[in-house]
Amino acid sequence: MEPSSKCVHNGAHESECHPINTPIYASTVSRYINAGEQYYPRYFNTVNQDTLAAKISALEAAEKGIVFSSGMAAISTTCLALLRPGDQLIIPFEMYGGSIAFAEEQLRPLGIEITYTKATVDSIKEAISEKSKMIFFESPTNPFLSIIDIQALASLAKKNNIITVIDNTFASPINQRPIELGIDISIHSGTKFLSGHSDLCCGAAVGPERLINKIQHHAHHFGGCLNALDCYLLDRSLKTLAIRVREQNTNAFKLAEILASKEVVNKVYYPGLSSHIGFEVAAAQMSGPGSLFSIEFKKNSISIPNFLQALDLITPGISLGGVETTVCAPALTSHHKLTEKQRLEQGIRPELLRFSIGIEAWEDLANDILKAIKAAKL
């Protein structure tokens, strides 16, 4: 089936009353005498968890999946399940700041070697050693929307017996399916596009059954499970994922084109623009360019605080992927845990803003941005 059909129909649960929606099994206790498998939310095996994981797995063309209470629960459990002291973890430095902070504060003290690279296959290749166990990356990256050739990276990793893990949050399964390109595990912060309504905190990891089983075993101990009601709400949200993402793609492309032509804008980072360095690779491995872009205003061209204050329709807010358009300054939000030196090394300056485009009329969004630029000009 096409992704839009999978969003609606995969993971359906059959029960004796034949509901079209999976019922909410809000119970933490199940009978054990003559009952077979024991169901318990912390074991990640309840009906609501399983049906939801099956839907996300189908969207990603994965053998098996597991849903978590947050994206960071998915990331931390995956890394802690598959890495051991002495292993090397390779991470391109263009990555969500929370992932970098986790690697530094939790993995490195355990004796796991962390190696940072540029967000290119060649740079990652140079970092590979006999100790290399995992490559964890994003594409598109946060916040510059850089593109890594996923198929080339997967091929490189397989030759060296290295596990590949991608944070596929920015693309969503509608725009990109990395497992079909050879990646082992695809992770999502379901808080973003999968839920899409800025009201759920959740995550997911999907991949081959042998690896997901290992992750699930460790997840029992870490406890990052998703409750039945939130499973139901995420399942409901996923049914509209395809139409939401496609509308967001269209809006983002139109706005990125408009902003790229403005005098006060130094650069627009968006893989849907032909000027983007990763445009051709993105066109080959993505079915849509996504709804996130970052813009860097020219230094001393506008007041960033005044620009954010002047917006009416667009909300300056943390997180992304909702039906409403938001904007944030990565230096103050997604990457604030990094040192100033680390941010500047990545090019994350105060003039950089990241937009997550929603499903509003793009004309209204354009008017709001252009009005705010006019009000904030220096």
Side-chain angles (χ1 to χ4, degrees), residues 1-31 35-71 73-74 168-169 171-175 177 179 186-207 209 212 216 219 223-248 291 319-324 358-359:
M1 291 189 292
E2 292 297 314
S4 54
S5 299
K6 290 179 181 179
C7 285
V8 176
H9 293 288
N10 275 84
H13 171 66
E14 288 292 332
S15 69
E16 58 187 23
C17 59
H18 307 294
I20 195 169
N21 295 321
T22 301
I24 302 171
Y25 291 88
S27 178
T28 57
V29 178
S30 62
R31 293 179 178 85
E37 183 178 0
Q38 296 305 299
Y39 296 96
Y40 187 56
R42 188 171 59 80
Y43 296 162
F44 296 79
N45 67 349
T46 65
V47 169
N48 293 109
Q49 292 166 334
D50 280 348
T51 55
L52 181 54
K55 186 187 290 284
I56 298 171
S57 296
L59 286 169
E60 285 270 21
E63 288 181 359
K64 189 175 181 179
I66 178 171
V67 291
F68 291 90
S69 55
S70 70
N168 198 34
T169 299
S172 87
I174 304 304
N175 288 328
R177 288 168 292 282
I179 290 173
S186 182
I187 287 178
H188 290 272
S189 172
T191 312
K192 280 71 174 183
F193 291 100
L194 299 191
S195 65
H197 293 78
S198 305
D199 57 2
L200 285 175
C201 187
C202 50
V206 298
E209 186 173 6
I212 297 300
Q216 185 168 344
C225 57
L226 194 63
N227 68 71
L229 179 58
D230 283 352
C231 285
Y232 165 77
L233 291 172
L234 180 55
D235 191 13
R236 181 198 62 179
S237 296
L238 281 168
K239 292 181 179 182
T240 61
L241 176 65
I243 57 175
R244 285 189 281 108
V245 168
R246 287 166 184 159
E247 184 70 11
Q248 289 168 308
S291 61
S319 201
L320 56 99
V323 292
E324 63 285 307
I359 63 171

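- Remark: Thr169 engages Asp167 in a side chain to side chain donor-acceptor pair (under 3.5 Å) (not counting sequence neighbours).
- For Ile243, the side-chain contact (heavy atoms from CB on, under 4.5 Å) partners two or more places apart in sequence, or in a different chain, are Thr240.
- Partners of Phe193 by ring pair (Phe, Tyr, Trp, His ring centres under 6.0 Å), not counting sequence neighbours: none found.
- Looking only at distances, no side-chain donor or acceptor of Ser237 sits under 3.5 Å from a matching main-chain atom of Gly196.
- Remark: Tyr40 engages Tyr43 in a ring pair (Phe, Tyr, Trp, His ring centres under 6.0 Å) (not counting sequence neighbours).
- Atom CG of residue Asn168 and atom OG of residue Ser189 lie 12.0 Å apart, to the nearest 0.5 angstrom.
- For Arg246, there are no salt bridge (charged side-chain N to carboxylate O under 4.0 Å, His left out) partners, not counting sequence neighbours.
- Residues satisfying the side-chain contact (heavy atoms from CB on, under 4.5 Å) criterion with Asn227, sequence neighbours excluded, are Leu229, Asp230.
- When the ring pair (Phe, Tyr, Trp, His ring centres under 6.0 Å) test is applied to Tyr232, no partner is found at least two apart in sequence or on another chain.
- Between Leu226 and Ser69, the shortest heavy-atom contact is CD1-CA, 3.9 Å.
- Partners of Lys6 according to the side chain to side chain donor-acceptor pair (under 3.5 Å) rule, which considers only residues two or more places apart in sequence or in another chain, do not exist here.
- Side chains of Glu2 and Ser5: a donor-acceptor N/O pair is absent below 3.5 angstrom, by distance only.
- Partners of Glu324 by side chain to side chain donor-acceptor pair (under 3.5 Å), not counting sequence neighbours, listed by chain and number: Ser198.
- Evaluation of the side-chain contact (heavy atoms from CB on, under 4.5 Å) rule for Val47 yields His13, Thr22, Tyr25, Thr51 as partners, not counting sequence neighbours.
- The side-chain contact (heavy atoms from CB on, under 4.5 Å) test with Val67 singles out one residue from Asn48, Asp50, Leu52, and that residue is Leu52.
- For Asp235, the salt bridge (charged side-chain N to carboxylate O under 4.0 Å, His left out) partners are Lys55, not counting sequence neighbours.
- Of the possible polar contacts, one joining the Gln49 side chain to the Asn45 backbone as a donor-acceptor pair under 3.5 Å is found.
- Residues satisfying the side chain to side chain donor-acceptor pair (under 3.5 Å) test with Ser186, not counting sequence neighbours, are Glu60.
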